[in-house]
Amino acid sequence: MKSAFQSPKSLMPMSPLEEIRHSCSHVLASAVLRLFPDAKLDIGPPTDTGFYYDIDMDKALVTDDLERIEAEMKKIAKENQSFRRKEVSREEAAQIITERGQERYKLGRLADIPEGEAISFYENGEFMDLCAGTHVRYSAKLKAFKLLSIAGAYHRGDEKNKQLQRIYGTAFASKDELAEYLEQLEQAKARDHRKIGKDLKLFHIDEEVGQGLILWTPNGSIIRQELQNFISGELTKQGYQQVFTPHIGKLELYKTSGHFPYYKDSQFPPVVEREFLERLKGEGCTCAELSNRVEAVSPNLAAAINKRTGTETITEADTLPQEQIVDGFMLKPMNCPHHIKLFDSQPHSYRDLPVRLAEFGTVYRWEQSGELSGMTRVRGFTQDDAHLFCTEEQVAEEIIGCLTLVKTVLTTLGMSDYRVRVGLRNPDSTKYTGDSANWDKAEQACRDAAQTLDVPFTEEPGEAAFYGPKIDFVVKDVIGREWQLGTVQVDYNLPVRFDLTYIGADNEKHRPVMIHRAPFGSMERFCGVLIEHFGGDFPLWLAPEQVRVLPISDKVMDSAEEVLKQLKAAGLRAGIDTHSDKLGAKIRRGELDKIPYTLVLGAKEAEIASVSVRSRAKGDEGVLKVADVITRFQNEISTRSLAVKSESK
RNA sequence: GCCGGCGUAGCUCAAUGGUAGAGCACCUGUUUUGUAAACAGGCGGUUGCGGGUUCGAUUCCCAUCGCCGGCUCCA
């Protein structure tokens with residue numbers, strides 16, 4: 001959470017809309033204090049889409065309270081209070097805060113203001129709040145606002161702190177704009193992949209199978225399979241080799257890679273052999289002991305890793321004697337250790353590099369239950385993963401190759417609304433593995449590669465993986481949440497931890513550099529975002545049912561079945577509507593099912609081996625020979641044309 | 001995991017402290033249809049699951065599972 005006081009930008013005047021929203025949050029706070037005088041205020045900034053205020057009070061707010069608070073806000077707006085700025089000394093500020101009984105959070109916020117910076121309050125009516133500003137002059141300017149929701153939010157964004165009640169609202173300069181925004185929110189709901197996924201039967205999540213575990217229906221599987229075929233073709237062109245590896249691996253593998261210690265809380269619990277458990281039971285082993293013995297590293301492994309990394313990566317406290325270690329298996333949280341083992345199963349010459357191992361690899365992560373969401377945040381997902389093993393000199397070119405691949409994917413699908421993030425390490429954190437010289441090299445390589453992208457990017461400290469920096473492609477879903485899709489990560493560290501080598505031209509052993517990359521990221525998340533991107537109107541090559549024959553009456557049913565046969569023989573995913581309905585009803589059904597093309601067939605078309613083509617995008621396109629229609633569709637598919645994407649997008 | 005809300009038929013939603021209802025979908029029949037909904041009938045629910053209060057609970061209470069919005073997290 002950024003305090004309004006921490007950012008130097010906040011000293012600049014706000015935009016008119018920000019002023020309105022910021023003022024609304026003050027009016028919100030004043031309304032809350034009128035209704036609940038004991039409320040303790042934290043902060044209330046404007047946001048991209050509105051404003052909020054974080055408030056601490058004993059009573060849990062409910063939706064009905066929002067109406068009361070909003071009514072009180074409207075009263076305050078009508079009172080036409082003026083917003084007045086008042087600059088004070090630090091001591092006076094503390095005094096004002098204390099007099100108003102708001103010391104619980106506001107004194108801390110006051111302490112955040114750097115020495116030498118102005119300390120100001122804004123006063124409207126009986127309300128007064130520590131605030132850098134700026135605000136509208138009169139509360140009557142606030143005539144289009146609405147409270148939207150209540151949520152919990154930790155004080156200062158830290159889950160160790162108390163959770164406050166956050167009231168979200170939105171505000172605009174005019175009622176029309178507000179209404180338009182609310183309408184947009186409604187429309188966004190209609191594009192939500194969870195709704196479309198249900199309507200078009202693309203995927204299913206079943207309570208009994210488990211939360212966050214996607215069951216791909218036949219329809220959804222077609223889309224996924226087409227995407228995989230597409231990317232597989234690109235991989236072949238770019239010199240990748242496809243591999244398959246199992247869904248589990250031994251715990252020790254992940255102790256070596258570092259995944260287990262770094263992310264043990266976000267992994268499915270280890271699988272320990274039944275016989276082992278029986279024996280431990282016989283020994284009277286407690287859960288706590290078992291847990292320690294599962295997590296501990298053997299002295300041999302610790303020594304090996306520490307030797308490779310040249311530092312005390314694994315401390316003595318993390319080890320237990322070999323005979324006490326309980327090994328087991330883990331559902332793989334990443335594919336890299338398996339690919340590393342494949343790479344390392346053979347000696348490599350510098351002439352072999354780069355080695356590019358690709359796999360649609362399914363991984364499992366124990367995401368917190370409250371974080372799960374449709375297909376975009378799940379507990380089991382398949383990455384279109386690959387690991388490149390290359391020489392130091394090849395790194396730059398290989399990263400660029402990966403970025404090109406990501407761009408190809410996004411361009412093919414018409415996805416242009418993304419941002420690029422270069423994730424760097426957070427200098428204050430200790431979660432990273434490896435030495436800082438390698439990190440510097442890797443970070444610079446990412447920056448340089450991002451430069452070549454021709455797309456604006458931001459550098460964000462703290463967004464790196466624990467083993468290396470990365471370049472992420474980030475998109476927003478319909479409700480404005482950001483998701484990382486494609487990613488390219490440079491890794492100097494896992495080759496060290498696994499002691500990977502290749503023989504160089506000098507006949508000496510050298511350390512390869514690894515690049516992790518996934519253009520889609522995860523098939524699940526990507527498909528979720530893709531469903532929303534197309535609003536369910538998939539281009540022909542992706543549509544589960546590409547074309548549907550609509551016989552006008554039962555009299556032409558035989559001819560319709562014949563056309564269907566021809567379409568299927570041509571490799572098209574075709575269906576037929578045999579309902580005893582009028583044409584209008586069949587067309588409507590086709591539209592609701594978002595079929596790219598429907599082929600109307602009546603007596604006159606049947607006579608001349610033709611159909612009347614209706615496209616989802618353009619409607620009636622006239623009568624064409626069946627053979628010509630097939631050629632047209634095949635062409636549209638092979639070029640992965642976006643032509644039938646609905647024009648409203 | 002935390003805060004708040006929600007859970008009724010395949011889907012969208014009604015209703016009530018007294019044995020649950022509509023539209024769509026599905027099935028059957030009639031209709032044989034020309035570019036976004038023909039008509040009629042039928043099938044369909046232990047109201048998420050488990051307790052409690054009550055003569056009686058789908059409704060009230062508790063617990064649990066799941067979903068939604070947000071927070072935290074995200075290799």
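Chain letters run A, B, ... following the sequence lines, proteins first and then strands; every chain starts at 1. Side-chain atoms are counted along with the backbone in the values below, which use heavy atoms only and exclude waters and symmetry mates.
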Send over the distance from L550(A) CG to U32(B) P, rounded to a whole Å.
20 Å
For the side chain of R377(A) and the base of C74(B), is some donor closer than 3.5 Å to an acceptor across the two?
yes
Can you tell me the distance, in whole Å, between the CD atom of E463(A) and the P atom of C73(B)?
10 Å
Distance in angstrom units between Y154(A) OH and C2(B) C1', rounded:
3 Å
More 5' along RNA chain B: D620(A) or S149(A), using each one's nearest nucleotide?
D620(A)
K264(A) atom NZ is separated from A75(B) atom P, nearest whole Å, by 17 Å
Assess the pair Y263(A) and F466(A): is the distance between their ring centroids shorter than 6.0 Å?
yes
Can we say D581(A) and R588(A) salt-bridge, meaning some charged N sits less than 4.0 Å from an Asp/Glu carboxylate O?
no
Indicate whether Y263(A) forms a stack on A75(B); treat it as stacked only if centroid distance is below 5.5 angstrom and interplanar angle below 30 degrees.
yes
Does atom NZ of K59(A) have more than 12 heavy-atom neighbours, drawn from other residues, nucleotides or ligands, at distances under 6.0 Å?
yes
Return no unless some side-chain N or O of R194(A) is found under 4.0 Å from OP1 or OP2 of G69(B).
yes
A63(B) and U28(B): how far apart are their C1' atoms, nearest whole angstrom?
46 Å
From C71(B), U33(B), A37(B), pick the nucleotide closest to the side chain of Q163(A)?
C71(B)
Can you give the dot-bracket line for RNA chain B, using ( ) for pairs inside the strand, [ ] for pairs that cross earlier ones, | for pairs with another strand and . for unpaired bases, where Watson-Crick and G-U count if both distances are under 3.5 Å?
(((((((..((((....[..)))).(((((.......))))).....(.(((..]....))).))))))))....
Is the shortest side-chain N/O distance from K555(A) to OP1 or OP2 of U33(B) below 4.0 Å?
yes
Check whether the ring centres of F343(A) and H387(A) lie less than 6.0 Å apart, and answer yes or no.
no
Identify which nucleotide among A75(B), A37(B), G5(B) has an atom closest to any side-chain atom of V62(A), counting heavy atoms from C-beta outward.
G5(B)
Whole-Å distance, K201(A) NZ to A25(B) P, equals 12 Å
Taking the minimum atom-to-atom distance to the side chain of Q368(A), which one of G69(B), G1(B), A75(B) wins?
G1(B)
Just compare A75(B), C65(B), G34(B) and give me whichever is closest to any side-chain atom of E207(A).
C65(B)
Distance in Å, E359(A) CD paired with T245(A) OG1, rounded so as to fall on 0.5 Å steps:
3.5 Å
By a strict heavy-atom criterion of less than 4.0 Å, which residues belonging to residues 483-493 of chain A are in contact with RNA chain B?
Q489(A)
Length of the line joining M57(A):CE and C3(B):P, which is rounded to integer Å:
16 Å
